[in-house]
2 protein chains.
Amino acid sequence: MDRVDKILSQWQRERPDLDVEAMAILGRLKRLTTHLGREVEQVLLQHGLSSSAFDVLATLRRSGKPYRLSPGDLLAMTMVSSGTMTNRIDQLEKAGFVERVLNPDDRRSVLIALTENGFAAVEATVGAHVANQQRLIENLSDEDKAALDALLRKFLAKFE
Amino acid sequence: MDRVDKILSQWQRERPDLDVEAMAILGRLKRLTTHLGREVEQVLLQHGLSSSAFDVLATLRRSGKPYRLSPGDLLAMTMVSSGTMTNRIDQLEKAGFVERVLNPDDRRSVLIALTENGFAAVEATVGAHVANQQRLIENLSDEDKAALDALLRKFLAKFE
DNA sequence: AGCATTTATCTTGACGTCAAGACATATCAT
DNA sequence: ATGATATGTCTTGACGTCAAGATAAATGCT
């Protein structure tokens with residue numbers, strides 16, 4: 001009887017006609033992701049990066065040398081709107097973690113380049129971040145983790 | 001090879017020392033919840049309610065007669081901060097969906113009461129909302145749904 | 001070549017969220 | 001009783017996000 005069960009039982013009492021099976025799954029997913037997001041953010045903030053800043057820096061870092069992508073590329077990889085990406089890049093540029101470099105091949109476009117400081121910030125953070133992610137799933141068994149990942153993959157396939 | 005697999009393989013190439021198992025699960029969870037949240041919001045907006053507005057109205061509705069809870073009660077049930085709840089109540093009060101009623105038992109406190117219009121708004125929306133939730137999970141088999149729900153329950157237990 | 005369309009990025013204005021702290025009232029300990 | 005502490009709600013200021021549209025350059029069509 002967790003919190004989601006309480007919500008479901010309230011609906012059952014008030015609206016017994018509603019089928020709440022889907023609500024259970026979506027409710028647990030949402031609550032879980034909220035908790036996980038907060039835990040992840042805590043560790044990143046301890047290293048001086050917001051989740052959204054880390055999201056961009058990590059995308060550039062894992063793209064490999066020369067650690068440059070256009071805003072459009074970043075957009076396609078990060079599930080945010082173009083306005084949000086402009087804002088993120090502005091913040092990171094102010095902080096000195098990225099630079100806007102003119103794209104010689106297309107003057108509409110620009111390349112976002114990780115600076116030395118930006119590279120260093122990712123490298124100083126990603127280890128603790130990954131360790132934290134491992135901690136967050138540690139109460140699942142190996143079988144649970146494999147089963148959960150497989151189910152999420154199947155579920156996610158409907159949307160992307 | 002979904003989008004999360006692409007991210008993992010980039011990390012593998014750039015940082016083969018990192019164990020990305022946890023990143024896979026948390027990444028799929030986050031992407032999935034983002035997609036689901038957008039789908040849910042679309043349907044609610046078609047009925048004139050934001051997700052956050054529906055969240056409060058539905059909490060009052062399923063609490064049963066007389067459809068009144070204190071801001072603190074609402075807070076405890078909805079995973080938001082007190083400032084956020086004040087803001088939500090302000091919006092709903094302006095829209096005429098709830099009223100602030102003085103609590104005779106504790107003058108620090110106030111009760112948030114669903115108005116007739118607020119009740120009607122929930123009742124007009126909840127059916128489509130639940131149907132939409134069912135649609136969103138329809139590509140999972142019955143066994144998948146049961147297994148996923150069980151895993152999420154176990155995972156969530158670590159946090160609440 | 002020249003015009004229309006498409007692509008890439010940025011701007012604007014609105015919203016939802018939070019942490020920290022302010023304020024009023026209630027409760028507790030003596 | 002009364003002073004200290006706890007509780008309940010609201011305020012403030014800062015962020016992150018989005019949709020819609022503005023701007024500029026590239027591409028395609030004739």
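As a basis for the values below, the full set of heavy atoms in this structure was taken, side chains included, without hydrogen atoms, waters or symmetry mates. This is a predicted model, so every value here is computed, not measured. Within every chain, numbering begins at 1; the chains are lettered A, B, ... in the order of the sequence lines, protein sequences first and strands thereafter.
Each of A:I89, A:L69, A:V101 was compared with A:I112 under the side-chain contact (heavy atoms from CB on, under 4.5 Å) criterion, and only A:I89 meets it.
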| field | Steps toward side-chain hydrogen bond (donor to acceptor under 3.5 Å, both in side chains) verdict (B:D55, B:S52) | value | CA-CA 5 Å; B:D55 193 22; B:S52 44; over 6 Å; no
| message | As a quick check of understanding, evaluate side-chain hydrogen bond (donor to acceptor under 3.5 Å, both in side chains) for A:T84 and A:N87, giving each step before the final call. | response | CA-CA 5 Å; A:T84 296; A:N87 183 44; over 6 Å; no
| request: Quick one: do B:D144 and B:S141 satisfy side-chain hydrogen bond (donor to acceptor under 3.5 Å, both in side chains)? Show the steps, please. | output: CA-CA 5 Å; B:D144 288 341; B:S141 70; 3.2 Å; yes
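Between the side chain of B:T86 and the main chain of B:S82, a donor-acceptor pair closer than 3.5 Å is present. In this structure, A:T33 contributes its side chain and A:K30 its backbone to no donor-acceptor pair below 3.5 Å.
Considering only the side chain of A:V80, D:dC18 comes nearest among C:dT17, C:dC10, D:dC18.
Residues B:L45 and B:Q42 are not in side-chain contact: their nearest non-hydrogen atoms beyond the backbone lie 4.5 Å or more apart.
Judged as a side-chain hydrogen bond (donor to acceptor under 3.5 Å, both in side chains), and not counting sequence neighbours, A:N103 has no contacts. Residues passing the salt bridge (Lys or Arg N to Asp or Glu O under 4.0 Å) test with B:D105, sequence neighbours excluded: none. With sequence neighbours left out, the side-chain hydrogen bond (donor to acceptor under 3.5 Å, both in side chains) criterion links A:T125 to no other residue. Judged as a ring-ring contact (aromatic ring centres under 6.0 Å, His included), and not counting sequence neighbours, the contacts of A:F54 are A:H129. In this view, A:E138 and B:K158 satisfy the side-chain hydrogen bond (donor to acceptor under 3.5 Å, both in side chains) rule, not counting sequence neighbours.
The stretch residues 60-67 of chain A has no heavy atom under 4.0 Å from DNA chain C, so no residue of it qualifies as close. For the segment residues 102-109 of chain B, residues with any heavy atom less than 4.0 angstrom from an atom of DNA chain D are, sorted by number, B:R108, B:S109. Taken residue by residue, residues 28-40 of chain A places no heavy atom nearer than 4.0 Å to DNA chain D. Against DNA chain D, the stretch residues 69-77 of chain A makes no heavy-atom approach under 4.0 Å.
Rounded to a whole Å, the CZ atom of B:F54 is 16 Å from the P atom of C:dG16. Rounded to a whole Å, the CE atom of A:M85 is 13 Å from the C1' atom of C:dC10. Taking atom CG of residue A:L49 and atom P of nucleotide D:dG16, one finds them 11 Å apart after rounding to whole Å. At whole-Å resolution of the value, CG in B:L111 and C1' in D:dG8 are 12 Å apart.
Using a 4.0 Å cut-off, some side-chain N or O of B:R100 falls inside it from OP1 or OP2 of D:dC10.
The salt bridge (Lys or Arg N to Asp or Glu O under 4.0 Å) contacts involving residues 116-133 of chain B comprise A:R15-B:E123, B:R61-B:E123, where partners must be two or more places apart or lie in separate chains. Pairs engaging residues 38-52 of chain A under the salt bridge (Lys or Arg N to Asp or Glu O under 4.0 Å) rule: A:E39-A:R135 [sequence neighbours left out].
Between B:D149 and B:K154 there is no salt bridge, since no side-chain N of the basic residue sits under 4.0 Å from a carboxylate O of the acidic one. Look at A:R100 and A:D90 and you find a salt bridge, because one of the NZ, NE, NH1 or NH2 atoms lies within 4.0 Å of a carboxylate O, short of that distance.
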Can you tabulate the close N/O pairs, meaning under 3.5 Å, that link protein atoms to atoms of nucleotides 11-15 of chain C?
none

